[in-house]
Amino acid sequence: MTLPLINQFLIPYEFYNTRQPTDAEVMDRVANGCHSVLCVQDVKLNLIDIIDTPNKAAEYLFKIGLRNQITGSIENSLNDERSSYKSARRMMCSTTPSILSSYQNIYSHTLNMTEVDAAIAIASQGNFLSNGQILFHGGGLLNHHQVGLSTSH
């Protein structure tokens with residue numbers, strides 16, 4: 001069976017030039033009942049770009065950073081039922097086999113890759129990715145050395 005195509009950019013990240021709000025703008029926000037955290041939020045000036053594809057995300061992550069912003073946007077997209085992420089997760093096993101956790105957290109040349117491959121087969125329950133699905137890995141690999149963003153499709 002093929003997993004549904006997951007749209008990680010259902011909610012695109014809009015990248016703006018910004019500035020800090022003036023005291024008057026903060027006071028106006030407070031007077032209008034704005035939540036205290038939002039009262040000091042930067043003022044958007046002009047739209048620079050809309051990050052709505054894996055390639056654009058990788059480019060911005062590499063050139064500028066924006067890790068927290070793009071990650072937040074992707075998490076919002078994945079939490080939206082329309083992205084198909086939740087339905088795909090329901091088709092997978094509910095717990096991660098320990099060998100896969102070891103592979104994900106402390107990748108080492110000493111791991112038995114045959115066991116890892118077998119665990120992937122069990123965890124996927126015979127499901128395959130859709131054609132065109134792009135996967136991201138943004139964490140550390142190789143014993144927690146940061147290697148940046150990698151993608152696969």
For S84, give me all partners under side-chain contact (heavy atoms from CB on, under 4.5 Å), at least two apart in sequence or on another chain. P4, S87
Counterpart residues, ring-ring contact (aromatic ring centres under 6.0 Å, His included), relative to Y13 (two or more places apart): none
Looking at N79, is its backbone amide N or carbonyl O close enough to the side chain of K86 to form a donor-acceptor pair, meaning the two atoms are under 3.5 Å apart? yes
Give a yes or no answer on whether the side chain of T18 reaches the backbone of V43 with a donor-acceptor pair at less than 3.5 Å. no
For E115, salt bridge (charged side-chain N to carboxylate O under 4.0 Å, His left out) partners two or more places apart: none
Please say yes or no: joined through hydrophobic side-chain contacts below 4.5 Å, possibly via intermediate residues, are L78 and L66 part of one cluster? yes
Do M113 and I120 belong to the same hydrophobic cluster, where Ile, Leu, Val, Met, Phe, Trp and Tyr are linked whenever their side-chain heavy atoms lie under 4.5 Å apart, directly or via other members? yes
Could you check whether atom CG of N32 has more than 12 heavy atoms from other residues, nucleotides or ligands sitting under 6.0 Å from it? yes
Under the side-chain hydrogen bond (donor to acceptor under 3.5 Å, both in side chains) test, residues paired with Q20 that sit two or more places apart: none
Which residues satisfy the side-chain contact (heavy atoms from CB on, under 4.5 Å) test with T71, sequence neighbours excluded? R67, E75
Those residues at least two apart in sequence (or on a different chain) that pass salt bridge (charged side-chain N to carboxylate O under 4.0 Å, His left out) with R89 are none
Identify, with sequence neighbours excluded, every residue that meets salt bridge (charged side-chain N to carboxylate O under 4.0 Å, His left out) alongside D28. none
Neighbour count >12 (heavy atoms, 6.0 Å) for atom CE, M27: no
Interatomic spacing from OG in S73 to CZ in F9 - rounded to 0.5 Å: 7.0 Å
In terms of hydrophobic clusters joined by side-chain contacts under 4.5 Å, are L38 and V30 together? no
Rounded at 0.5 Å granularity, tell me how far CG in N7 sits from CZ in R82. 9.0 Å
Side chain of R29, backbone of Q41: donor and acceptor closer than 3.5 Å? yes
What is the minimum heavy-atom distance between L10 and S77, and which atoms define it? N-OG, 3.2 Å
Measure the spacing between CD1 of I64 and CD of E59 and express it to the nearest 0.5 Å. 8.0 Å
Can you list the residues that meet the side-chain hydrogen bond (donor to acceptor under 3.5 Å, both in side chains) rule with N46, with sequence neighbours excluded? N17
Is any side-chain heavy atom of I70 less than 4.5 Å from a side-chain heavy atom of F15? no
Only counting residues at least two apart or in another chain, list the ones meeting side-chain contact (heavy atoms from CB on, under 4.5 Å) with T22. R19, A24, E25
Any residue meeting side-chain hydrogen bond (donor to acceptor under 3.5 Å, both in side chains) with N127, in chain and number order, not counting sequence neighbours: none
As an exercise, state the distance from CD of Q8 to CG of D52, rounded to the nearest 0.5 Å. 11.5 Å
Donor-acceptor contact present, side-chain Q133 to main-chain I6, <3.5 Å: yes
Partner set under ring-ring contact (aromatic ring centres under 6.0 Å, His included) for Y85, not counting sequence neighbours: none
Linking directly or through intermediates, with side-chain heavy atoms under 4.5 Å: list the remaining ILVMFWY members grouped with Y16, chain and number order. L47, I50
Donor-acceptor contact below 3.5 Å, side chain D49 vs main chain I51: no
Are I11 and L5 grouped together when hydrophobic residues (ILVMFWY) are joined by side-chain heavy atoms under 4.5 angstrom apart? no
